[in-house]
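See structure below.
For ligands, and for the atoms within them, numbers begin at 1 and follow the listed sequence.
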Amino acid sequence: MTPRRPGPAVVLAIASLLAATLTLPASAQDPVSGPLDGLAPTPPMGWNSWNRFACDVSETLIRETADAMVSSGMRDAGYEYVVIDDCWQVDRDANGEIVVDPERFPSGMKALADYVHSKGLKFGIYSDAGTATCQGRPGSRGHEYQDARTYAAWGVDYLKYDWCNHGTQDPEASYRTMRQALEAAGRPIVFSICEWGSNQPWLWAGGIGHLWRTTSDILNCYDCRVDWGGMGFIHILDLQDGLEAYAGPGGWNDPDMLEVGNDGLTDIESKAHFSLWAILASPLMAGNDLRTMSSATREILTNHEVLAVNQDPLGRQGRRVRKRGDLETWARELHDGSRAVVLFNRGESDADLGVSWPEIGYPARLEASIRDLWRHEELGRFSGGWSVRVPAHGAVMVRVSP
Ligand code: GLA
């Protein structure tokens, strides 16, 4: 029997099916359209109270931090969100409305959001998908739509949403509920998923949140580790290797907030941490005291050449291209075809580190210029590759342009 040729209707149906397949959004991260769309074309930047202040938050701290964000030049460098982490909330009232700590925030959240907005900045807040936050304050479980409406009425622009006390809740469903509640509240609010990577959020969080934590908490140290899972930035770094395919415009892997400028890191270590977070296309939430930071810390956080790598519009997360013991080379493709490269020496003594052109997708014979993004200096043109002496615990960051 000769097979029947498909009739015109069938051909049309197949053609439109194909067209539909081919016109799927370029990034699988793109959520369905709504007020939360398009909020994070590049990784969000800002400040969060937790790493430095833990529960010691107040409206005075937030106002002074907003002031410092402007006077230090951080706002002009691109930092935007001022986020209060855990401990601003104390109870729920008879109607289930969240109650703000009246002693620490006597003017209330609306007034504080207005103040932050008056500085040309955006305002963020924290809650938890479970019944209580990690510090035992009321969580949003069962109050998602009510809380989202409250945040919208206050003028909140960013919500970090934690995962403590979740019982048997399903992570994807729990975060999707809050996403829908935020959409329903109608105000554009960046949604920061803080599920610690326990259920591989990179596989399901795109389209729900704009960023998702990939690990347990970062700590104020270079390489420490504690029982409950907190760790120094070099251990967090190891857990990012291989996640690069899941990040892109609209949805970012979040290796946790910065410890730059906190007393557990030297300036050399802070620079390495910042270089690596930039090449990882990580959200950059400063976690130090902006009011009293040293000029060395301010220069790290506002290095515009490193920030340009972090905020590169192509939105491609970097990856580790070489590891020889303690010596690591990380690279990231940028929108103009150039590459950012971080040479990171994790070891205890100075060492020579390098990168070869084939490791970053260039032919060996290519001649490319190297620019040092910390010294702000052109270093010359090189073929085949390049190497440099890097101090212990330090990083050199360059841009390689053919
Ligand atoms: C968890 C989060 C931290 C911080 C604290 C607050 O540990 O991962 O980033 O928000 O809760 O209690």
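Every atom of ligand 1 with a heavy atom of Arg213 under 4.0 Å away is listed here by number and element: 8 (O), 9 (O). The Gln135 neighbourhood of ligand 1 comprises atoms 12 (O), with distances under 4.0 Å to a heavy atom of that residue. Using a 4.0 Å cut-off to heavy atoms of Cys134, the atoms of ligand 1 that qualify are 1 (C), 11 (O), 12 (O). Close approach of ligand 1 to Cys194 (heavy-atom distance below 4.0 Å) involves ligand atoms 2 (C), 8 (O).
Looking from atom 9 (O) of ligand 1 to the surrounding protein, the closest heavy atom is Lys160 NZ, 2.8 Å. Among all non-hydrogen protein atoms, the one lying nearest atom 7 (O) of ligand 1 is Asp217 OD2, 2.7 Å. Remark: minimum distance from atom 2 (C) of ligand 1 to any protein heavy atom is reached at Asp162 OD2, 3.2 Å. Here the heavy atom of the protein found nearest to atom 12 (O) of ligand 1 is Asp86 OD2, 2.8 Å. Nearest protein neighbour of atom 10 (O) of ligand 1, counting heavy atoms only, is Asp85 OD1, 2.6 Å.
With 3.5 Å as the limit, one finds a donor-acceptor pair spanning the side chains of Ser140 and Asp147. Side-chain polar atoms of Glu195 and Asn199 form a donor-acceptor pair below 3.5 angstrom. Checking Asp85 against Tyr126 by side-chain atom types alone, no donor-acceptor pair falls below 3.5 Å. Side-chain contact check for Ser275 and Trp374: at least one donor-acceptor pair (N or O, by modelled atom type) lies under 3.5 Å.
Note on ligand 1: Thr133 sits outside its first shell, no heavy atom being nearer than 4.0 Å. At least one heavy atom of Tyr126 sits under 4.0 Å from some atom of ligand 1.
Applying the 6.0 Å contact sphere to CZ of Arg316 captures no more than 12 heavy atoms from other residues, nucleotides or ligands. Within a 6.0 Å sphere centred on CD1 of Ile268, heavy atoms belonging to other residues, nucleotides or ligands number 12 at most.
At a 4.0 Å heavy-atom cut-off, ligand 1 does not touch Cys164 at all.
Across the listed options Tyr161, Trp196, Trp50, Trp50 owns the non-hydrogen atom lying nearest to atom 5 (C) of ligand 1.
By the 6.0 Å and 45° rule, Arg63 stacks over the aromatic ring of Tyr115.
Between His117 and Phe123, a ring centre-to-centre spacing not shorter than 6.0 Å is recorded.
With Trp196 as reference, Asp162 is the one residue of Asp256, Asp162, Thr215 to meet the side chain to side chain donor-acceptor pair (under 3.5 Å) rule.
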